[in-house]
Number of protein chains: 2
Amino acid sequence: MNGLEGIAPEQEQLIQKARKRVIESIGKNMDLYGITLSHGLLYGLMFFQNKPMTLDEMGEAMEMSKTSMSTGIRSLLDLKMVNQVWEKGSRKDLYEVESDWYQTLADFFGIKWRKALEINLQSLRKSLVELQDLADRFPEDELLQTCLLTDIDKIKNALAYYKWFDKLIDSFETGEIYQFIPKEVPDK
Amino acid sequence: MNGLEGIAPEQEQLIQKARKRVIESIGKNMDLYGITLSHGLLYGLMFFQNKPMTLDEMGEAMEMSKTSMSTGIRSLLDLKMVNQVWEKGSRKDLYEVESDWYQTLADFFGIKWRKALEINLQSLRKSLVELQDLADRFPEDELLQTCLLTDIDKIKNALAYYKWFDKLIDSFETGEIYQFIPKEVPDK
DNA sequence: ACGTACGTACAGTAAAAACTTTACGATCTT
DNA sequence: AAGATCGTAAAGTTTTTACTGTACGTACGT
């Protein structure tokens, strides 16, 4: 079940070859999203599938265990790169790739980068308060003040950067970024 | 040598604690850049250092082998997150963090994401040509045409997305993005 | 209610990555 | 030129990650 049923074997092979090139290319580069190669290939496989897939179908196509498919799908779901869909009459879970890649990118930043950003912000703020506190307690200690100032300065710079970064991610989520760089229209 | 020489031990400890919190937070989240935890911690360490560091100093501070520092620095150099600096009279290599985080982010996209983008583009274009070629050779085969069209459509959509993404990265490298989202000014 | 099918938790294993030790070539000092 | 110092390549070890097979809880069909 690859959506090519009924095609002459010779032609099907050509299509498969063309697909495989894209699948492997995309799959390999998905490490940028923190996705392993095999899960990236799974994504690539599903990308060319025109129907939602079940875990069993994936396992057969990937020649891997169903368990692996389960974990792979889960990490793809976490990033909203695939969606679960429902079809009446099917007991099995069905999944398909999110076809809107702009949305996928926005989700990725919203999920992963925003979380990292918030964790870092929290640490930076807490440490900033502590250092400022220490500075306030020994206003006459020149050496201490100098040392503290450089640390505080770095933290403030980092905070400013993260504030900017936060706004950038916002623009992805709201879609304002597309006013700055409009979505491209596909050929023909 | 942590830039805190001469500070009262009690106060130094407080500063170290504040630094450590930030270092660990940043270090952990550097996996988004494809940097391992220990190399991320190395980056964090260097972030608070006010002087360029040698591999030996890093090894001592991190309690790790010099070889590890060497490889860590290399991956940070690849992403331009640290810079090599020269001081006359020193035989040892010296490194310091790139303090401009906006630049660091732009470099990251320019180096990693752009490369992935180009690889994918190449695969997509090649497969597109092959599929269009196949379509041209059997214009009367309805079933084949339908199948090919869906694949070709997907590829064209992907190409459009990557075209947009390319422009986005451009805007980081040229700095135009800051016209859309201005850099933030640090407090005080 | 019982049997069956499904997804996943869990434990074990195989593969990969991270880290250290050792060794070596290059460069500088004397 | 000999000796010392530096960075890293290479090999070996340890730790982590990826994957599989089994087992279990849940839900559905009869």
Quiz item: For the pair made of CE in B/M69 and P in C/dA18, what is the distance, rounded to whole Å?
Solution: 13 Å

Quiz prompt | Modelled atom types, side-chain donor and acceptor of A/Q103 and A/D107, under 3.5 Å | solution = yes

Practice problem: Assess the side chains of B/R21 and A/S123: does a donor N or O sit below 3.5 Å from an acceptor N or O? | Solution: no

Exercise. Rounded to the nearest angstrom, tell me the gap between atom CG in A/D31 and atom C1' in C/dA16.
Key: 15 Å

Self-check item: Separation of C/dC19 C1' from B/L41 CG (nearest whole Å)
Solution: 14 Å

Practice problem: Rounded off to whole Å, could you give me the CD1-to-P distance for the B/I35 and C/dA17 pair? | Solution: 15 Å

Quiz item: Looking at B/S65, does any N or O in its side chain come under 4.0 Å of the phosphate oxygens OP1/OP2 on C/dT21?
Solution: no

Quiz prompt | Length of the line joining A/H39:NE2 and D/dA18:C1', which is rounded to integer Å | solution = 8 Å

Quiz prompt | Which residues share a ring pair (Phe, Tyr, Trp, His ring centres under 6.0 Å) with A/Y178, sequence neighbours left out | solution = A/Y102, B/W164

Self-check item: Transitive ILVMFWY cluster of A/V85, excluding itself - 4.5 Å side-chain cut-off
Solution: A/L94

Quiz item: CE of B/M64 versus P of C/dA18: gap in Å, rounded?
Solution: 11 Å

Quiz item: With no hydrogens and no angle check, do the side chains of B/K115 and B/N120 hold a donor and an acceptor under 3.5 Å apart?
Solution: no

Exercise. Grab the NZ-P distance between A/K88 and D/dC28 for me, whole Å please.
Key: 17 Å

Quiz item: Reading nucleotides 3-17 of chain D from the 5' end, what letters show protein touch, with B for base, S for backbone sugar-phosphate only, - for no heavy atom under 4.0 Å?
Solution: --BSSSBB-------

Quiz item: How many Å lie between CD1 on A/I73 and P on D/dA18, as a whole number?
Solution: 16 Å

Self-check item: A/T71 side chain near A/H39 side chain, heavy-atom distance below 4.5 Å
Solution: yes

